[in-house]
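Mind looking over this structure? Questions follow.
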Amino acid sequence: MDNSIVISTPPHVKSKRTTRGIMLDVCIALLPCVIAGIVYFGLPALMIELVAVAACVATEFVYYFLANKGFSNKCKDAGKVCVRWWKQFDFTSVVTGLILALIVPATTKWYEILIGGVFSIAIVKMLFGGTGKNLVNPASTGRVFMAISFAAVSTYTAANFGSLSIQTPVFSGATNLAWLFPSEGNPTTALPVLDLFLGTGVAGCIGETCKLAIIVGYVYLCVRKVIKWWQPLLFVVVFGFAAVFMSGFLFIATGGYIFDMKLFLPHIFSGGVLFGAVFMFTDYVTSPKGVYGQIVYYVVAALLVAVLRYLTHMEVTSFVIMLMNLFVPLIDKYIIRKPFGYKKVKKEKKTPDERVAEAVDALKVDENAAAKVQHGDSTENTDKSPAASVQSLGTGDVKSDKEEA
């Protein structure tokens, strides 16, 4: 009988589903964005996606091979190590590679995405213990690392399809959102909602441009019960209202604050907000485990994205994801869901007379205990002392011998 105990990191899901199966569902949900990116941006997008996935998978394999001493004994164990790696391969590195490729522009160089993939897996994921032990989302952290390291990652081009609403192409970079509000005196969007939704004539990242493809992936994940339907929706709704609220201050130059709900859809359809809400904020490992903690997590994250986008006119979703991931342990520690069936015990209110009586009784108990200790220590010690017992026993024996004599 096998009495071994299997210890694994949370979250613990009581289901027949495996990590590999869940990650395969995520890969399938990402396929519409992958295909849309190739259609909209051509072969450069395909090249970036292939390099990113290959870099992430290869980095995970090399790290696992070295950690399990695949080169020891003149590489005699290399085959066994490779077999063990494939048995534990759960497609998380494929998901990381796909997401990283979809949140960068098509102008990214092949070596830039290669370095970003290696950093995401080796430093952010494997260095902390592998799947389930990383502190922050590998893809978002890799994107932040690339944005800091390579200036070209912030250079965006429009999709191959022109705008459907106007004759001239419209540009809305996934990072620079200055086109969303062309002037402070007239903060009406210059980006038609239809173009923002379909990604036609809009410059942006490979997988964040076509919002229709993101929604298709969102519906698939909800149907497969990989994510909860309300999580991305809560983030998007709170962000939309917060962004509209912040945008109202731009009307002050023309006569006063105005809360214009016409800006709601342009805000949520611009940049990488929708993609991050569906595929990145919902990461099992780096999001809170309890329902109340998740609500706080999504609400605070949405407010941060709205405020920072208003102040910087830049896309900050990846930065906020990385920042919020660092606060997840605190959220899980202090925001705990009550167990099923828990009932809080109500304390009975006592009258002042009852409180005085209890205090007097407590003082009497303390005085009696002190008196017993003061007057009964020597007697108790004498009675309970082994030496005293032996001595008394010996005296009794001597007396009995003399009496017999």
Subject >> Pair F65 and F61, ring centroids less than 6.0 Å apart >> reply: yes
Subject >> Spatial distance of atom CG (L46) from atom CD1 (I35) [nearest 0.5 Å] >> reply: 11.0 Å
**OP:** To the nearest 0.5 angstrom, please state how far the CD1 atom of I331 sits from the OH atom of Y297.
**Re:** 8.0 Å
Original post:
From T209 OG1 over to F269 CZ, what is the distance, rounded to the nearest 0.5 angstrom?
Top reply: 13.5 Å
Name each donor-acceptor pair under 3.5 Å that joins a side chain in residues 114-124 to protein atoms two or more places apart or in another chain, with its distance.
from: S120; atom 1: OG; to: G116; atom 2: O; distance (Å): 2.8
from: S120; atom 1: OG; to: P138; atom 2: O; distance (Å): 3.2

Original post:
Any side chain to side chain donor-acceptor pair (under 3.5 Å) pairs touching residues 104-117, not counting sequence neighbours?
Top reply: none
Subject >> Passing candidate, side chain to side chain contact (heavy atoms under 4.5 Å, CB included) with F235, options I268, T282, V273 >> reply: V273
Listing, residues 83-91 side-chain donor-acceptor contacts under 3.5 Å, not counting sequence neighbours, or none:
from: Q88; atom 1: NE2; to: W85; atom 2: O; distance (Å): 3.0
from: D90; atom 1: OD1; to: T92; atom 2: N; distance (Å): 3.2
from: D90; atom 1: OD1; to: T92; atom 2: OG1; distance (Å): 2.7
from: D90; atom 1: OD2; to: T131; atom 2: OG1; distance (Å): 3.1

Original post:
Quick one: are L233 and Y298 in side-chain contact, heavy atoms under 4.5 Å?
Top reply: no
Subject >> Pairwise distance NE2(H267) to CG(L196) - rounded to 0.5 angstrom >> reply: 11.0 Å
Under 3.5 Å, which donor-acceptor pairs link side chains of residues 216-232 to any protein atom two or more places apart or in another chain?
from: Y218; atom 1: OH; to: W229; atom 2: O; distance (Å): 2.7
from: Y220; atom 1: OH; to: D25; atom 2: OD1; distance (Å): 3.0
from: R224; atom 1: NE; to: D25; atom 2: OD1; distance (Å): 3.3
from: R224; atom 1: NE; to: D25; atom 2: OD2; distance (Å): 3.2
from: R224; atom 1: NH2; to: D25; atom 2: OD2; distance (Å): 3.3
from: Q231; atom 1: NE2; to: Q294; atom 2: OE1; distance (Å): 2.9

Original post:
Just how far is it from atom SG of C205 to atom CD1 of I48, taken to the nearest 0.5 Å?
Top reply: 9.5 Å
Subject >> Non-neighbouring partners of E60 that pass salt bridge (charged side-chain N to carboxylate O under 4.0 Å, His left out), sequence neighbours left out >> reply: K125
Original post:
Could you give the distance from CD1 (I321) to CZ (F279), rounded to the nearest 0.5 Å?
Top reply: 12.0 Å
Subject >> Donor-acceptor contact below 3.5 Å, side chain S149 vs main chain M146 >> reply: no
Original post:
Between the side chain of R143 and the main-chain N/O of I103, is any donor-acceptor distance below 3.5 Å?
Top reply: yes
**OP:** Indicate yes or no for a side-chain donor-acceptor contact from E315 to the backbone of T317 under 3.5 Å, with no hydrogens or angles considered.
**Re:** yes
**OP:** Hey, could you give me each pair passing salt bridge (charged side-chain N to carboxylate O under 4.0 Å, His left out) that has a residue in residues 320-332? Not counting sequence neighbours.
**Re:** K289-D332
Subject >> side chain to side chain donor-acceptor pair (under 3.5 Å) between N68 and Y63, intermediate numbers included >> reply: CA-CA 9 Å; N68 288 270; Y63 197 102; over 6 Å; no
Original post:
Do the non-hydrogen side-chain atoms of L304 and M324 ever get within less than 4.5 Å of each other?
Top reply: yes
